[in-house]
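The structure presented is a predicted model; accordingly, all values stated were derived computationally and were not measured. Naming: A, B, ... by sequence-line order, numbering from 1 per chain.
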2 protein chains.
Amino acid sequence: MEKLSRKDREREAKRVMIIDAALQVMKVNGFEHSTMDEIAEVAEIGKGTLYLYFKSKTSLYLAISERGSRLLNEQLGKVLLLELPGITLIEKMGFTYLNFIRENPLYFTAFNYFEHILNEGQMTNSPIIEQCENHAKEAMTYIVRALQIGMQDGSIKNSYDPKELGIIIWGASKGVMHMAFLKNHANHMKILDDVEFDLQSLITGFIELLGSGMKND
Amino acid sequence: MEKLSRKDREREAKRVMIIDAALQVMKVNGFEHSTMDEIAEVAEIGKGTLYLYFKSKTSLYLAISERGSRLLNEQLGKVLLLELPGITLIEKMGFTYLNFIRENPLYFTAFNYFEHILNEGQMTNSPIIEQCENHAKEAMTYIVRALQIGMQDGSIKNSYDPKELGIIIWGASKGVMHMAFLKNHANHMKILDDVEFDLQSLITGFIELLGSGMKND
DNA sequence: TTCAGTTATTGACCAACAGTCAGATATATG
DNA sequence: CATATATCTGACTGTTGGTCAATAACTGAA
């Protein structure tokens with residue numbers, strides 16, 4: 001049972017308010033072109049105060065990613081509770097992910113930012129990075145659970161290692177979503193210009209393709 | 001037939017040399033933490049000169065991406081010349097891509113940077129962006145051609161639209177490669193820590209999975 | 001209510017770095 | 001050799017992430 005003092009609750013509320021302000025600024029200026037000065041201004045606090053709540057711009061951005069993955073995980077967790085064959089759970093998770101990034105494109109950008117930071121190898125041993133990693137691990141676990149359920153109920157081939165298959169599904173989904181995201185958000189994307197498709201049909205095709213690779217005959 | 005004057009050839013050679021210098025600096029400092037001052041120093045030119053050859057840091061980074069995708073396309077193009085079933089061409093392209101980013105991780109980072117720039121919607125109508133997009137489109141065409149060959153020779157189901165399938169394969173491959181890349185380069189990546197795998201086996205699993213979704217029975 | 005001690009806030013300031021430009025240097029031409 | 005043109009340069013500027021000494025707000029005891 002968590003018992004937070006009034007101080008702690010106020011502090012937490014302010015943290016949330018700052019993240020709201022940051023998202024608001026980013027909606028206008030884009031993710032990278034938002035400045036700490038403007039975020040502080042919108043949050044109606046001094047810039048120094050901003051740095052009392054987030055020790056760097058990177059930290060603030062990661063906090064956005066953290067919130068996003070927390071929200072997404074809540075939804076993925078609910079899918080796992082449904083009484084459905086494993087293969088259907090996997091499909092539903094795919095669409096849950098799709099709808100989430102469609103409704104929250106900024107969070108998707110934040111997810112990519114998080115991975116970029118991991119890649120660059122900076123900010124290791126930071127608590128916010130750890131939280132983000134835990135969320136990612138949790139999402140991964142939801143997928144693996146669904147796969148295990150599917151292997152149990154016979155809806156998914158059991159010739160793959162569920163964890164390895166989980167990584168593949170996770171990675172491939174992110175890649176395809178990213179593609180779809182580009183189509184919708186980039187002004188011009190020559191690769192995609194030739195192809196008539198909407199997000200939904202692309203993802204449906206993708207899930208079908210993966211599905212027919214995983215499904216038991 | 002391109003006939004370049006000595007001037008033009010010298011200019012081109014210097015451009016190449018600057019990109020070499022930039023890659024060298026990035027190998028040490030990482031992609032983002034390299035400064036134009038240091039790149040100029042390593043290239044043994046003044047900073048002002050650097051800006052005569054690349055109009056911004058972004059342009060220079062995109063030039064690296066451009067070179068990378070040009071090199072990759074050369075290899076993909078060669079695969080397409082082999083006398084093999086379409087499904088095998090697709091598999092070979094997958095491994096070509098894998099080996100390329102394994103041997104040239106910096107180019108892979110550059111590719112991601114290019115997509116990031118597209119996402120942010122900056123630098124539209126810049127010639128270097130256009131070149132990068134053309135390369136991406138070319139790579140995409142190689143995949144689609146291989147799919148068409150496979151649909152012709154019967155090794156690939158023809159129930160999918162080859163272009164849509166191409167986008168799916170392209171996106172999914174990038175996503176899975178990215179995952180594998182993280183495992184190798186990020187210091188810690190909790191999602192991946194649990195799973196014992198090497199790049200090769202993950203990609204093999206992925207290609208097998210996609211393959212069994214595409215293959216004719 | 002007062003006041004010392006503690007905590008929270010602030011914005012002027014600093015350092016780093018992308019990008020500029022007036023002047024210097026090299027090269028071509030007659 | 002002299003002039004014109006092309007190329008190069010690094011000191012300078014503007015912006016922005018991050019700091020810190022000064023200030024304000026709060027707290028609890030007398």
Side-chain angles (χ1 to χ4, degrees), chain A residues 4-19 21-26 28-65 110 113 116-117 120 122-123 126-129, chain B residues 4-19 21-22 25-26 28-65 110 113 116-117 120 122-123 126-129:
Chain A
L4 296 174
S5 66
R6 183 176 59 77
K7 281 272 179 63
D8 284 343
R9 271 181 285 116
E10 276 177 8
R11 190 178 165 79
E12 184 53 30
K14 203 155 195 172
R15 234 186 99 92
V16 167
M17 184 270 286
I18 292 173
I19 295 178
L23 281 169
Q24 196 185 319
V25 172
M26 284 171 192
V28 178
N29 297 347
F31 207 74
E32 307 281 298
H33 290 80
S34 304
T35 67
M36 292 301 262
D37 287 86
E38 192 171 350
I39 292 168
E41 198 183 333
V42 170
E44 293 177 281
I45 57 174
K47 186 172 163 176
T49 311
L50 189 47
Y51 277 87
L52 290 175
Y53 287 83
F54 299 93
K55 74 175 198 301
S56 67
K57 192 181 183 183
T58 301
S59 276
L60 173 54
Y61 282 12
L62 288 176
I64 292 172
S65 178
Y113 183 78
H116 173 72
I117 295 298
E120 292 275 298
Q122 40 182 136
M123 298 218 64
S126 143
I128 185 70
I129 275 277
Chain B
L4 296 174
S5 67
R6 182 175 62 77
K7 282 270 180 65
D8 284 343
R9 271 182 285 117
E10 277 177 8
R11 189 179 165 78
E12 184 51 32
K14 202 155 194 170
R15 233 186 101 91
V16 167
M17 183 271 286
I18 292 173
I19 295 178
V25 171
M26 283 171 192
V28 178
N29 297 346
F31 207 74
E32 305 282 296
H33 290 80
S34 304
T35 68
M36 293 300 261
D37 288 85
E38 191 171 350
I39 292 168
E41 198 183 334
V42 170
E44 294 177 279
I45 57 173
K47 187 173 169 177
T49 312
L50 190 47
Y51 278 86
L52 291 175
Y53 286 83
F54 298 93
K55 75 173 197 301
S56 68
K57 191 181 183 185
T58 301
S59 275
L60 173 53
Y61 282 12
L62 289 176
I64 292 172
S65 178
Y113 184 78
H116 172 73
I117 295 297
E120 291 277 297
Q122 41 183 134
M123 298 219 65
S126 143
I128 184 71
I129 275 277

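- Taking atom CZ of residue A:F54 and atom C1' of nucleotide D:dT19, one finds them 18 Å apart after rounding to whole Å.
- A sub-4.0 Å separation between OP1 or OP2 of C:dT9 and a side-chain N or O of A:K14 is present.
- Distances from the side chain of B:S56 to the nucleotides D:dG17, C:dG19, D:dT9 place C:dG19 closest.
- Looking at A:L60, A:I128, A:L62 one by one, the single match for side-chain contact (heavy atoms from CB on, under 4.5 Å) with A:F54 turns out to be A:L60.
- Among the nucleotides D:dC8, C:dT10, C:dG19, the one closest to any side-chain atom of B:T49 is D:dC8.
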Stepwise side chain to side chain contact (heavy atoms under 4.5 Å, CB included) test for A:E32 and B:H116: CA-CA 10 Å; A:E32 307 281 298; B:H116 172 73; 3.5 Å; yes
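- Rounded to whole Å, the distance from CZ on A:R15 to P on C:dA8 is 15 Å.
- Nearest heavy-atom pair across A:R15 and A:A63 is NH2-CB, 3.8 Å.
- With hydrogens and angles ignored, a donor-acceptor pair under 3.5 angstrom links the side chain of A:K47 to the base of D:dG17.
- DNA chain D lies under 4.0 Å from at least one heavy atom of each of the following residues of residues 28-45 of chain A: A:S34, A:T35, A:M36.
- Between the A:K57 side chain and the A:S34 main chain, a donor and an acceptor come within less than 3.5 Å of each other.
- You'll find that the side chain of B:L52 is closest to D:dC8, out of C:dA18, D:dC8, D:dT19.
- B:M123 and B:I129 get closest at one heavy-atom pair: O-CG1, 3.5 Å.
- When the P atom of D:dT16 is taken as reference, atom CG of A:L50 falls 15 Å away, rounded to whole Å.
- What separates CZ of B:R11 from C1' of D:dC8 is a distance of 12 Å, to the nearest Å.
- The backbone N or O of A:F31 sits less than 3.5 Å from a side-chain atom of A:Y61, completing a donor-acceptor pair.
- Annotation for B:Q122: atom CD counts as buried by contact number, over 12 foreign heavy atoms lying within 6.0 Å.
- Counting to the nearest Å, the P atom of D:dT16 and the OH atom of A:Y51 are 12 Å from each other.
- Between B:Y53 and the phosphate of D:dC8, there is a side-chain N or O to OP1/OP2 separation shorter than 4.0 Å.
- Comparing atom distances between the B:K57 side chain and each of D:dT9, C:dA18, D:dG18 picks out C:dA18 as nearest.
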